[in-house]
Amino acid sequence: MTKKSTKTITYIFITIAALISVFPLIWMIIAATNRSVDVIAGKLTFGTKLLENFQNLLQAQPVGRFFWNSCKYSVITTVLALAVCSLAGYAFEIFHDKAKDILFTIILTAMMIPFVALMVPLFQMFSKAKLLNSTVGFILPSISTPFLIMMFRQSARSFPKEIIEAARIDGLNELQIFTRMFIPTMKSTYAAATTITFMNAWNNYLWPKVIMSDNNAQTMPMMISNITSGYVTDYGMLMLAVFITTIPTAIVFFALQKSFAEGITGAVK
Amino acid sequence: MAGNNSKKMSLNKKQNLIGWFFLAPGVIFIACLSFYPAIKALITSFKTGVGVNMTWTGLSNYIRIFEDKIFIQSIRNCFFYLIIQVPIMLILALILASILNNPRLKFRGIYRTAIFLPCATSLVAYAIIFRTLFANDGYVNLVLVKLGILDSAYNFLTHPFSAKIVIIIALIWRWTGYNMVFYLAGLQNIEYSIYEAAKIDGASPFQIFRKITVPLLKPIILMTAIMSTNGTLQLFDESVNLTKGGPANASVTMSHYIFKKAFEGVTNFGYTSAMSFVIFIMVAILAIIQMKAGDKRD
């Protein structure tokens, strides 16, 4: 094979991969602007029915409330998870000794516990504590995850010990060293952690399905799932709903894309 | 000297204590919301009964699993997804990452963003997009009929085999870019000059891929393999929203079936807990095998 043909094949391959990756999303956006019949007919150009679909959606579902719920749950989860897990990951690395290393290994095994095993006991615990249909109920199980703790522990490894020593001599206490030295230096790790945690919280479907029986407390993923359970589906309206559900994760993804890659690079070193 | 030493000791002790305070919230959350309920579920799995009136039953729940045809079907389905989807996805992600790692590739940023884009979609959202695309009146059928590949629309989601294949296609679409980012990150740690040198020595792209890229990325490949295995054995959103487990449980996953058993109809938490522990054992065994296999090739 000549050098040139290798190059051509490479470009063809990667272009096809990129097109396949993008097509379903573009199709979704186009469908959101068309009537259901046009979507079925395979219309691939933007239509003018976006507003109409939006009005139909507002009539069919309390989109505003679900959207607000999802935002509220995801933002609070992300803030708390980052605070708790970064502090733990930092401590596991900076103050590590034998006992803490063993504890860390035990914590890691929690990654293997499937969520369906926890679902029923958690449901029973939370219904006893009157946490069903509540924000606290949604966020509690996602605040501390072994994966995030591991990620912050890994990146704390590259945090220079001299900075800590110098800060101690300057009279900063340990918490100040963490908040004023560690957090600002580890921006890209925090960005990667934000992306992962926000997306997981926003996408969470199984857990809210278990505890959010009250219609007022439901989320966007639950809403779009419910729309499809009807007999006749309005594809234009459905794809608009799917599109709206995708916007927040897409924004987080694009805003933090560059730091995400950097943060992951730091974590896999 | 002695005084100085003891001062240092007490300082170490103080820092050690602060360390425990720092990690306490994270550890307590995991202990209360993962380990405690997991132990509770394990105990429940040896009990039987409806609601809170439960009595000890020994291993009967675990024996019942082997007689439950639908659960066995769901195990088969998960392994079908695992064996076909995970290797295709990881190899594809590796190839794409090594292409995108070339600094001389034109429009690199655009390609990278495009391929990573599916990760920005919510799981339920992409499941519904694929459900719509592969529906009887969906776009895929429209194109296949127009191209003359099919005579009339084929209902992918109501045939046992094609329903599973649609799930696999959807999973590959959603997760290839995600794994690619891990590989690209790993490749950043490898000097590009190694590749240049190999090229000058006359190595073919395939040789470079096999002899340089794969060995150097081994730890990350291992990590992504374990994560994907874990994720595939716990699949839920796709089964619920893409195929609804159908037709007739032909594509149902273990988590989906356990959820149905736990919250729809007459519930027996003892039996559902036993089933969920089967997933735990599978995840643990596969993780150990993969780590062992990863060590061997050193």
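First the proteins, then the strands, lettered A, B, ... as listed; each starts at 1.
Donor-acceptor pairing under 3.5 Å is lacking for the side chains of A/Tyr235 and B/Thr132. B/Thr224 and B/Tyr183 are linked by a side-chain donor-acceptor pair at a separation below 3.5 angstrom, with hydrogens and angles left out of the test.
At least one donor-acceptor pair closer than 3.5 Å links the side chain of B/Thr272 to the backbone N or O of B/Phe269. With hydrogens and angles disregarded, a donor-acceptor distance shorter than 3.5 Å links the side chain of A/Ser144 to the backbone of B/Gly26. B/Asn102 places no side-chain N or O within 3.5 Å of a backbone atom of B/Ser98 that could act as its donor or acceptor partner. Panel note: side chain B/Asn101, backbone B/Gln188; no donor-acceptor pair is recorded below 3.5 Å.
Ranked by heavy-atom pairs shorter than 4.5 Å toward chain B, the options A/Pro24, A/Ala18, A/Gly42 are led by A/Pro24. Heavy-atom pairs under 4.5 Å with chain A were tallied for B/Leu187, B/Ile115, B/Val283, B/Asn230; the largest tally goes to B/Ile115. Of the listed residues (B/Ala284, B/Pro219, B/Ala120, B/Ala41), the greatest number of heavy-atom pairs within a distance under 4.5 Å of chain A belongs to B/Ala120. With respect to chain A, the highest number of heavy-atom pairs below 4.5 Å among B/Phe29, B/Tyr36, B/Phe21, B/Tyr111 belongs to B/Tyr111. With chain A as partner, the option from B/Ser45, B/Pro25, B/Pro118 having the largest number of non-hydrogen pairs under 4.5 angstrom is B/Pro118. Most heavy-atom pairs under 4.5 Å with chain B, from the set A/Thr145, A/Thr245, A/Thr195, A/Ile106: that is A/Ile106. In terms of non-hydrogen atom pairs under 4.5 Å with chain B, the most contact-rich of A/Trp27, A/Trp202, A/Phe115, A/Phe92 is A/Trp27. Per-residue counts of heavy-atom pairs under 4.5 Å with chain A were compared for B/Val143, B/Asn241, B/Thr176; the largest is that of B/Asn241. Interface remark: of the candidates A/Asn204, A/Ile247, A/Leu44, A/Ile251, A/Leu44 forms the most heavy-atom pairs closer than 4.5 Å to chain B. Taking A/Ala17, A/Ala250, A/Pro114, A/Ala91 one by one and counting their heavy-atom pairs under 4.5 Å with chain B, the maximum is reached by A/Pro114. Most heavy-atom pairs under 4.5 Å with chain A, from the set B/Leu96, B/Leu105, B/Ile128, B/Thr121: that is B/Ile128. Taking A/Leu122, A/Ile149, A/Thr10 one by one and counting their heavy-atom pairs under 4.5 Å with chain B, the maximum is reached by A/Leu122.
For chain A, the nearby part of B/Arg104 is the backbone; its heavy atoms alone come within less than 4.5 Å. For B/Leu142, the part lying under 4.5 angstrom from a heavy atom of chain A is the side chain only. For a residue to count as touching a neighbouring chain, one of its non-hydrogen atoms must lie under 4.5 Å from one of that chain's; by this rule B/Ile110 does not touch chain A. B/Phe280 touches chain A through backbone and side chain together, each having a heavy atom under 4.5 Å away. For chain A, the nearby part of B/Phe236 is the side chain; its heavy atoms alone come within less than 4.5 Å. Contacts between B/Thr113 and chain A at a heavy-atom distance below 4.5 Å involve backbone atoms as well as side-chain atoms. Using a 4.5 Å cut-off between heavy atoms, B/Ser273 makes no contact with chain A at all. Residue A/Met111 touches chain B through its backbone alone, counting heavy-atom pairs closer than 4.5 Å. For B/Ala262, the part sitting under 4.5 Å from any heavy atom of chain A is the side chain, from C-beta outward, and nothing else. For chain A, no part of B/Met254 is nearby; none of its heavy atoms comes within less than 4.5 Å. Proximity to chain A is absent for every atom of B/Lys146, based on heavy atoms less than 4.5 angstrom apart. Contact annotation for B/Asp137: both backbone and side-chain heavy atoms come within less than 4.5 Å of a heavy atom of chain A. Within the 4.5 angstrom heavy-atom criterion, only side-chain atoms of B/Gln234, from C-beta onward, approach chain A. In this structure, chain A has a heavy atom under 4.5 Å from the side chain of B/Ala135, while its backbone stays farther away.
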ask   = Between A/Met112 and B/Met282, is a side chain to side chain contact (heavy atoms under 4.5 Å, CB included) present by the stated rule, with each step listed?
value = CA-CA 10 Å; A/Met112 286 192 282; B/Met282 287 177 189; over 6 Å; no

Take B/Arg112 and B/Val181 through the side chain to side chain contact (heavy atoms under 4.5 Å, CB included) test and state the conclusion after the steps. CA-CA 9 Å; B/Arg112 191 171 45 205; B/Val181 171; over 6 Å; no

Quiz item: Step by step, would you call A/Phe126 with A/Trp207 a ring-ring contact (aromatic ring centres under 6.0 Å, His included)?
Solution: CA-CA 12 Å; A/Phe126 280 42; A/Trp207 179 234; 5.4 Å; yes

Item to check | Chi angles and distances behind the ring-ring contact (aromatic ring centres under 6.0 Å, His included) call for B/Phe130, B/Trp173 | outcome: CA-CA 10 Å; B/Phe130 273 78; B/Trp173 180 81; 5.2 Å; yes

| task | Kindly determine whether B/Lys14 and A/Glu174 satisfy salt bridge (charged side-chain N to carboxylate O under 4.0 Å, His left out), including the steps that lead there. | result | CA-CA 10 Å; B/Lys14 199 182 142 208; A/Glu174 297 298 327; over 6 Å; no

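Between the OG1 atom in A/Thr105 and the NZ atom in A/Lys100 there is a gap of 13.5 Å [rounded to 0.5 Å].
For the pair A/Arg153 and A/Tyr90, the cation-pi criterion (under 6.0 Å, within 45° of the ring axis) is not fulfilled.
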